[in-house]
Amino acid sequence: MSSDPTTPTQPLHSPKSPVATSYPFHREGSRLWERSHLFLGELPSPLPTKRTRTYSATARASAGPIYKGVCKQFSRCQGHGFITPENGTEDIFVHISDIEGEYVPVEGDEVTYKMCPVPPKNQKFQAVEVILTHLSPHTKHETWSGQIISS
């Protein structure tokens, strides 16, 4: 046993609890911690992605009108970006899972998209089914596999 009182030798736990709790701990009824690929600090995003969006939200977005816009900014590392709508309204959020096609969008790319409300209040919208229609000229574009091309 260590003589240094500030260094515990065993995990701390309640004297009434037979099991020491470790983080992340399982919460009853929560499926969040059952995913084996999550590590400490990698909580899932609260934003609805293509995988987590409900069927009804996906169906409503698919049935909606197609809008045009220009990619304002997109970060592959962060997994999201923004589109400036053609009509000049507020920028629209876009998640990486909603980009269709083989190229990573860059600033100035023309896109078409549909819109889906963002829960819980459904007051803001995000772009879904985003398709790059015209690559920005004189810029380097990257494919999702990492190949760089010039347009």
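In this text the structure is predicted, and so the values were computed from the model without any measurement. Nothing fancy with the numbering, it's 1 onward along the sequence.
- Both Ile96 and Leu135 belong to a common hydrophobic cluster when Ile, Leu, Val, Met, Phe, Trp and Tyr are linked at side-chain heavy-atom distances under 4.5 angstrom.
- Under the 4.5 Å side-chain heavy-atom criterion for grouping Ile, Leu, Val, Met, Phe, Trp and Tyr, Val94 is connected to Tyr67 within one hydrophobic cluster.
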Considering only distance and modelled atom types, tabulate donor-acceptor pairs under 3.5 Å from the side chains of residues 77-84, sequence neighbours left out.
residue, atom, partner, partner atom, Å
His80, ND1, Gln78, O, 3.4
Thr84, OG1, Asp91, OD1, 3.2

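- At least one side-chain heavy atom of Ile99 sits under 4.5 Å from a side-chain heavy atom of Phe74.
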What pairs of donor and acceptor atoms, side-chain ones from residues 101-120 against any protein atom, are under 3.5 angstrom apart with sequence neighbours left out?
residue, atom, partner, partner atom, Å
Asp109, OD1, Ser136, N, 2.6
Asp109, OD1, His141, NE2, 2.8
Asp109, OD2, Val106, N, 3.0
Asp109, OD2, His141, NE2, 3.0
Lys114, NZ, Ser62, O, 2.6

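- Residues passing the side-chain hydrogen bond (donor to acceptor under 3.5 Å, both in side chains) test with Thr89, sequence neighbours excluded: Asn87.
- Judged purely by atom type and a 3.5 angstrom limit, Arg76 uses its side chain to pair as donor or acceptor with the backbone of Trp144.
- Ile131 and Ile92 fall into different hydrophobic clusters, where Ile, Leu, Val, Met, Phe, Trp and Tyr are joined by side-chain heavy atoms under 4.5 Å apart, directly or via other members.
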